[in-house]
Amino acid sequence: MKLRMREKILLVCLCSTLAVLMIQAFLYQRASASLIYEQAENESFHTLENMQNELNTFFKNLEGGLIKIYNNKVFLQDLSSGKSIGELQDTYYRFAYEMATENFSTSDGVVAFYIYTAEHELLSTYRKTVTPKYNYPKDIYEEETKNNGRRVQEYVASSDTGLLVSSYYNENRERNIARFAIKIYNNTNLNDCIGYIVCDVDSKVLEKIMQKYVIDDTMYIWLQPMGDRQLYAIGNLEEESASYYEKIDDCIRRGVREEIQSISEKNKVLFTVPGENYNLDAYSIMPQEMLRRSQAMLTRNLVWIAIVMICMITIVISYITKNLTKPLEQLTDTISRIRAGETGLRAAYVTGDEIGQLGREFNDMLDEIQRLIGREYESQLLLNKAEYKALQAQINPHFLYNTLDTMSSISSIQNCEIVSSLCQSLSNIFRYSLDMKHPYSTVGKEMNHLKNYIFVMNVRMREEVKYAFHIEETVLQDSIPRISLQPLVENAINHGLKNKHGEKKITITAQEQNGILQVSVRDNGVGMDSAEINRKLEKNDKDIVESGNSIGIYNINARMKMLYGERYGLSVESVMGKGSCVFLRIPRRKVEEVETWKR
């Protein structure tokens with residue numbers, strides 16, 4: 001029976017593996033493995049010790065950058081003079097930025113810098129990058145538990161005069177961020193703490209240092225201050241080691257160092273190196289089996305295995321060369337001749353193995369190429385026709401604009417100002433709506449488009465709807481997807497005010513809220529079931545969006561979530577019989593920043 005290529009390779013690999021395992025078992029039976037636990041233990045301890053020394057150097061340099069704040073005598077005098085927090089913030093709002101950029105290099109990894117008074121009032125802050133992913137707290141006490149601000153407050157209230165080493169988990173980065181804090185004392189009274197500095201550092205800096213000291217992938221090394229959470233870890237924590245680690249972590253968080261060594265577990269070894277100058281200890285969990293090796297015997301066995309493998313590989317290569325190389329060379333030669341112009345040639349090696357299948361597929365491909373060449377001319381004709389129709393389609397919008405402009409001019413000459421204005425507004429609406437080259441616009445341009453639409457609707461509805469605009473000047477140049485607001489006003493007219501009796505009013509508001517652009521369209525209409533609509537908006541069902549039944553709500557919500565993420569989009573507040581308000585929330589960006597953000 002003829003073996004397929006896969007079966008040949010599988011058989012060779014199984015035979016080779018079996019032979020190697022038999023040889024290895026035979027050699028190990030004759031040899032006695034010597035334990036080198038003490039040697040491995042010393043090596044691991046010295047590795048952690050060297051890592052701690054390098055970390056201490058990094059922390060010392062970082063601390064040196066922080067204490068340079070004492071060079072600014074004027075700032076220390078103002079901080080201790082009892083000035084109000086408002087005066088200090090106005091004067092030193094850029095002080096954190098200057099400290100972070102002047103005293104630290106890029107390799108130090110400083111991502112955030114905060115200066116506080118002794119009463120925990122934020123005086124100045126600096127954040128390196130502010131994007132959805134690279135985002136850091138404006139104030140570490142905004143969400144005190146999540147940002148581990150409690151640990152900093154405990155440090156400030158204590159008598160500790162050294163550098164605080166701590167950390168917190170950044171949800172945006174999905175990793176721990178190292179945190180360092182140092183107190184600021186009054187130059188005239190060294191017992192008087194007048195403020196403190198908090199410096200957050202990217203844990204990638206620590207990772208680079210720790211990577212140098214990973215001996216084996218089975219090791220799990222981590223840094224953790226006594227009485228605090230883990231700062232950073234590297235390596236693999238095996239499932240069976242997780243419970244052992246949790247016990248140690250609990251002792252460290254409770255600050256009971258003496259209980260750590262009393263915790264023992266089978267086949268697990270813990271190494272600990274306390275920090276020499278800072279409250280940051282290095283720990284390592286290592287499976288005990290890793291520590292049992294015999295270097296001399298292993299070397300001898302590897303030599304024998306290498307000799308046997310060389311012999312076996314020589315035989316295997318000869319076999320493969322005979323069975324694989326020859327048909328491959330034939331196929332390669334055929335391909336070269338076809339490229340040279342002999343397009344009528346076909347592969348001759350078409351046996352039952354994979355190379356034969358490759359030859360058949362190659363022949364089929366050549367036949368298909370010849371058929372496709374025959375269709376190319378017809379396809380080119382169809383393409384030319386399509387391009388001609390596309391050119392014709394480009395003429396129609398301009399014809400419409402020019403016609404409306406002409407109608408506007410004639411109406412103005414005939415003193416039909418309302419018709420002239422209506423034509424001009426319609427022309428502006430079509431120009432703005434059909435501009436497909438620029439999918440993003442500005443809030444200001446959207447408002448101009450909206451006012452043209454409102455003018456047309458007022459003519460149609462005899463001005464029975466009143467409109468009010470409350471637009472902050474600071475958001476006029478913010479970018480917004482084109483045609484985002486007009487459908488919301490149209491939705492308010494058709495669904496909110498259509499069956500409303502009495503005064504009808506729509507209020508459009510645009511403002512900035514914590515870095516978010518918020519636009520609201522409020523009406524005093526009949527109201528709606530806001531809970532059901534918000535549920536559908538949150539679900540963002542594709543079938544509802546594509547049905548086309550409510551382009552003003554669900555379509556725009558789907559666009560915003562697709563462009564900016566699930567956090568953004570539309571929401572509705574409504575009271576039956578009193579009116580509704582639709583809120584549009586997107587991140588603030590200038591038009592010139594859109595291309596960079598999209599990349």
Side-chain angles (χ1 to χ4, degrees), residues 397 400-401 404 421-422 424-461 465-497 505-523 537 545 550-565 567-573 580-598:
L400 179 61
Y401 305 153
L404 288 171
S421 299
L422 184 61
Q424 192 62 46
S425 294
L426 284 173
S427 177
N428 292 336
I429 289 173
F430 289 139
R431 288 179 191 275
Y432 187 79
S433 301
L434 297 177
D435 185 4
M436 299 304 177
K437 294 182 179 179
H438 305 94
Y440 288 87
S441 184
T442 64
V443 174
K445 291 180 180 179
E446 275 287 290
M447 291 301 168
N448 288 336
H449 171 70
L450 186 57
K451 289 178 180 179
N452 282 316
Y453 170 78
I454 289 173
F455 176 77
V456 174
M457 294 303 297
N458 276 341
V459 173
R460 287 181 54 196
M461 303 177 68
V465 180
K466 304 299 180 183
Y467 297 88
F469 289 84
H470 302 289
I471 313 299
E472 290 185 358
E473 186 175 352
T474 56
V475 303
L476 287 176
Q477 295 303 315
D478 285 8
S479 72
I480 187 171
R482 190 177 292 270
I483 318 297
S484 298
L485 305 183
Q486 175 252 316
L488 301 184
V489 175
E490 183 178 356
N491 185 78
I493 295 174
N494 293 335
H495 300 287
L497 301 178
K505 185 176 181 180
I506 294 178
T507 303
I508 299 97
T509 304
Q511 59 186 351
E512 184 268 342
Q513 286 191 350
N514 299 324
I516 301 297
L517 171 62
Q518 176 174 288
V519 182
S520 63
V521 177
R522 184 181 299 275
D523 64 73
L537 290 172
V545 174
S550 182
I551 191 173
I553 293 291
Y554 302 114
N555 184 278
I556 292 178
N557 180 65
R559 285 175 62 199
M560 299 307 154
K561 290 185 179 296
M562 180 181 67
L563 291 172
Y564 300 106
R567 294 177 51 198
Y568 305 100
L570 298 184
S571 62
V572 177
E573 293 180 359
S580 305
C581 185
V582 180
F583 295 93
L584 167 64
R585 297 182 177 89
I586 61 175
R588 293 190 66 195
R589 292 188 178 90
K590 300 301 181 185
V591 173
E592 57 270 18
E593 299 174 356
V594 169
E595 288 303 320
T596 302
W597 166 75
K598 285 163 65 178

Enquirer: Does the side chain of Ile586 come within less than 4.5 Å of Leu563's, by heavy atoms?
Expert: no
Enquirer: For residues Leu570 and Leu488, determine if any side-chain heavy atom of one lies less than 4.5 Å from a side-chain heavy atom of the other.
Expert: yes
Enquirer: What are the two closest heavy atoms between Ala492 and Asp523, and how far apart are they?
Expert: CB-OD2, 3.7 Å
Enquirer: Please name all residues satisfying salt bridge (charged side-chain N to carboxylate O under 4.0 Å, His left out) with Arg588, sequence neighbours left out, ordered by chain then number.
Expert: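 With sequence neighbours excluded, Arg588 shows a salt bridge (charged side-chain N to carboxylate O under 4.0 Å, His left out) to Asp478, given in chain and number order.
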Enquirer: Just to verify, what does Thr474 make a side chain to side chain donor-acceptor pair (under 3.5 Å) with, not counting sequence neighbours?
Expert: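 Testing Thr474 for side chain to side chain donor-acceptor pair (under 3.5 Å), a comparison that skips the adjacent residues, returns none.
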Enquirer: Closest approach of Ser441 and Lys445, non-hydrogen atoms and distance?
Expert: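 Closest approach of Ser441 to Lys445, heavy atoms only: OG-CB, 3.2 Å.
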Enquirer: Is it true that, when you exclude Lys561 itself, more than 12 heavy atoms of the residues, nucleotides or ligands shown sit nearer than 6.0 Å to its NZ?
Expert: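 Above 12, so yes.
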Enquirer: The test is side chain to side chain contact (heavy atoms under 4.5 Å, CB included); show your working for Leu584 and Met560 and say whether it passes.
Expert: CA-CA 9 Å; Leu584 167 64; Met560 299 307 154; 3.6 Å; yes
Enquirer: For Ser571, give me all partners under side-chain contact (heavy atoms from CB on, under 4.5 Å), at least two apart in sequence or on another chain.
Expert: Asn534, Phe583, Arg585
Enquirer: Report yes or no: does Thr507 contribute a side-chain atom to a donor-acceptor pair with the main-chain N or O of Arg522 at less than 3.5 Å?
Expert: no
Enquirer: Once rounded to the nearest 0.5 Å, what's the spacing between atom NZ of Lys505 and atom CG of Leu497?
Expert: 12.0 Å
Enquirer: Can you name the residues that form a side-chain contact (heavy atoms from CB on, under 4.5 Å) with Glu473, not counting sequence neighbours?
Expert: Leu476
Enquirer: Does Asn557 reach the main-chain N or O of Leu537 with its side chain, forming a donor-acceptor pair under 3.5 Å?
Expert: yes
Enquirer: Just how far is it from atom CZ of Arg589 to atom CG of Leu517, taken to the nearest 0.5 Å?
Expert: 11.0 Å
Enquirer: Side-chain polar contacts of residues 446-454 - donor-acceptor pairs under 3.5 angstrom, sequence neighbours left out - could you list them?
Expert:
from   : atom 1 : to     : atom 2 : distance (Å)
Glu446 : OE1    : Ser484 : N      : 3.1
Glu446 : OE1    : Leu485 : N      : 3.3
Glu446 : OE2    : Tyr432 : OH     : 2.5
Glu446 : OE2    : Ile483 : N      : 3.0
Asn452 : ND2    : Asn448 : O      : 3.3

Enquirer: So Asn555 and Pro487, do their side chains get closer than 4.5 Å, heavy atoms only?
Expert: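 No, too far: nothing below the 4.5 Å cut-off.
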Enquirer: At what distance, to the nearest 0.5 angstrom, does CD1 of Ile506 lie from NZ of Lys466?
Expert: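 If I round to the nearest 0.5 Å, the distance is 12.5 Å.
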Enquirer: Can you tell me how far the CD atom of Glu472 sits from the CD atom of Gln511, to the nearest 0.5 Å?
Expert: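 Reported to 0.5 Å precision, the distance equals 5.5 Å.
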Enquirer: Return the set of residues passing side-chain contact (heavy atoms from CB on, under 4.5 Å) with Tyr568 (not counting sequence neighbours), or none when no residue passes.
Expert: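 With sequence neighbours excluded, Tyr568 shows a side-chain contact (heavy atoms from CB on, under 4.5 Å) to Ile516, Tyr564, Pro587, given in chain and number order.
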